[in-house]
Amino acid sequence: MSKNIKYQWRITKYNPDFRNNEGHYTKEVEWTSPSHIGKTIDGETFTVEKYIEVETAYIATIMKFLHVNDIKSLTMINTTYIDVGLDSALYNQLYDEKFDNLHLKDDQEVTIDQIPLIAKMVLRGFLFCHFIAADFFVHFGDDYYMFIGTNHYQEEPLQFTRENHLFVEEMVSPFYIREENIERMMMWTLIHEDTVVGEEILTDISLEEYREILGLSNIHPVVGVFPITASNQPFFQKKLKHKMDMYKYQYYLSAGD
């Protein structure tokens, strides 16, 4: 993140009483994905209705935080559509036709009215993204983990979360990276191949320069993987010892911790 976020919580359906001293969740019987609908969990059938009850609590929590913090829009980052298969049980039970009305892309600003449907897509496994604002984020992890961060502490959304039978634990999001800890490097593979054959760490490029040359918004943390194009290749060539060959290799900016 380009701006430090002071208050962060892990918000989940998992009772921390079942965690050991290392923080590992020890309850053996627990659903962790909507794909478990129809299975027997702790002696009972996990139904669509039971799933939606929990999903609704997650989305309501996000919206409560937005309302209390007077946030009207969020930016999506690390946005990726997930192919679950048209014949899968997940698709048949949880696909919402309203998803078809959304045309989403990375670094897209979305309004508060769009966020519940997008969050539903993420929680149901049709999309992956994180939401960010200048002083706020919502990060989604595997196994129905969610992390929320803000620079404006208020008890109201935390109490609301608990009243909706979710658990709130103070914790830094595993997806939260302070700008000073981000390493950015150029990576390259042979064209039409996936194996990385070379890499070189990039230095002396400001966050503002990255945003400008990659065409990103002024809120994007420049974390993730970004393909290098013919239009921005000359900029990066000036920063590299490696002689770029766009006919032989495909290049990517990789940024993370």
Side-chain angles (χ1 to χ4, degrees), residues 1 4-69 71 74 78 82 84 89-90 93-94 115-116 118-133 135-178 181 257:
M1 300 288 292
N4 294 335
I5 302 296
K6 185 175 181 180
Y7 305 104
Q8 302 186 37
W9 302 274
R10 178 170 65 189
I11 296 176
T12 71
K13 66 185 188 68
Y14 304 112
N15 189 336
D17 289 346
F18 291 102
R19 295 191 182 278
N20 60 23
N21 292 335
E22 287 74 41
H24 302 141
Y25 196 71
T26 60
K27 186 178 179 182
E28 294 183 2
V29 183
E30 185 89 58
W31 69 268
T32 59
S33 164
S35 64
H36 292 159
I37 292 172
K39 298 181 182 298
T40 300
I41 307 292
D42 204 15
E44 296 183 359
T45 301
F46 179 45
T47 64
V48 171
E49 291 74 20
K50 291 178 181 177
Y51 165 76
I52 290 178
E53 182 179 349
V54 177
E55 175 190 84
T56 300
Y58 274 68
I59 296 173
T61 293
I62 295 171
M63 301 311 293
K64 186 66 173 181
F65 268 92
L66 296 180
H67 174 73
V68 169
N69 286 279
I71 296 173
L74 293 172
N78 304 127
I82 300 170
V84 300
L90 178 62
Q93 294 183 93
L94 293 178
I115 289 166
I118 298 171
K120 184 185 292 187
M121 288 186 72
V122 176
L123 291 169
R124 295 187 181 189
F126 294 98
L127 179 79
F128 178 79
C129 77
H130 296 313
F131 292 125
I132 62 170
D135 291 288
F136 181 83
F137 68 70
V138 180
H139 293 160
F140 298 98
D142 294 333
D143 298 337
Y144 236 75
Y145 279 78
M146 183 169 74
F147 303 84
I148 291 182
T150 178
N151 278 331
H152 307 287
Y153 181 91
Q154 297 185 66
E155 184 61 31
E156 182 181 351
L158 300 177
Q159 183 59 32
F160 177 87
T161 302
R162 298 184 187 102
E163 290 172 355
N164 277 268
H165 310 294
L166 298 180
F167 297 95
V168 179
E169 303 166 87
E170 290 187 20
M171 178 173 290
V172 174
S173 167
F175 304 101
Y176 172 78
I177 312 174
R178 296 167 66 101
N181 295 329
D257 60 358

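- Here the straight-line distance linking atom CG of D257 with atom CZ of F175 works out to 11.0 Å at 0.5 Å rounding.
- For R19 against T26, the heavy-atom pair with the smallest separation is N-OG1, 4.5 Å.
- Between the side chain of K64 and the main chain of I59, no donor-acceptor pair closer than 3.5 Å is present.
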Passes side chain to side chain donor-acceptor pair (under 3.5 Å), E30 versus Y14? Steps please.
-> CA-CA 9 Å; E30 185 89 58; Y14 304 112; over 6 Å; no
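- Sparse packing is recorded around NE2 of H67, with 12 or fewer heavy atoms of other residues, nucleotides or ligands lying under 6.0 Å away.
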Tabulate below the donor-acceptor pairs under 3.5 Å that side-chain atoms of residues 41-48 make, not counting sequence neighbours, or state none.
{"from": "E44", "atom 1": "OE1", "to": "K50", "atom 2": "NZ", "distance (Å)": "3.0"}
{"from": "T47", "atom 1": "OG1", "to": "K50", "atom 2": "N", "distance (Å)": "3.1"}

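- N15 places no side-chain N or O within donor-acceptor distance of the main-chain N or O of F18, the cut-off being under 3.5 Å.
- Heavy atoms only, all atoms of each residue included: G149 and I5 are closest at C-CG2, 3.5 Å.
- Residues I37 and Q93 share a closest heavy-atom pair of CG2-OE1, 3.3 Å.
- Between the N20 side chain and the Y25 main chain, no donor and acceptor come within less than 3.5 Å of each other.
- Here the closest heavy-atom approach between residue Y176 and residue H139 is recorded as N-CE1, 3.9 Å.
- With values rounded to the nearest 0.5 angstrom, R10 atom CZ is found 13.0 Å from L166 atom CG.
- With values rounded to the nearest 0.5 angstrom, Y58 atom OH is found 9.0 Å from I11 atom CD1.
- Side-chain contact check for K120 versus L94: every heavy-atom pair is 4.5 Å or farther apart.
- Summarising the geometry, atom CG belonging to N164 is positioned 9.0 Å from atom OG1 belonging to T56; distances are rounded to the nearest 0.5 Å.
- Counting heavy atoms from C-beta outward, Y7 and I148 have side chains that stay 4.5 Å or more apart.
- More than 12 heavy atoms of other residues, nucleotides or ligands lie within 6.0 Å of CD in E169, so this atom counts as buried by the packing criterion.
- Nearest heavy-atom pair, V84 versus G125, reported as atom, atom and distance to 0.1 Å: CG1-O, 3.3 Å.
- Taking the six-membered ring where the residue is Trp, the centroids of H130 and F140 are separated by 6.0 Å or more.
- For the pair P157/T61, no side-chain contact is recorded, criterion being any heavy-atom separation below 4.5 Å from C-beta on.
- Considering all non-hydrogen atoms of both residues, P34 and Y51 come closest at CB-CE1, 3.6 Å.
- We find the OG1-CG distance between T150 and N69 to be 4.0 Å, quoted to the nearest 0.5 Å.
- With sequence neighbours excluded, the residues that form a side-chain hydrogen bond (donor to acceptor under 3.5 Å, both in side chains) with E155 are Y153, R162.
- When atom types are taken as modelled, the side chain of Q8 and the backbone of S173 share a donor-acceptor pair closer than 3.5 angstrom.
- The line from CG of D143 to OG1 of T12 is 11.0 Å long, rounded to the nearest 0.5 Å.
- In this structure, the side chains of L66 and L74 come closer than 4.5 Å at one or more pairs of heavy atoms.
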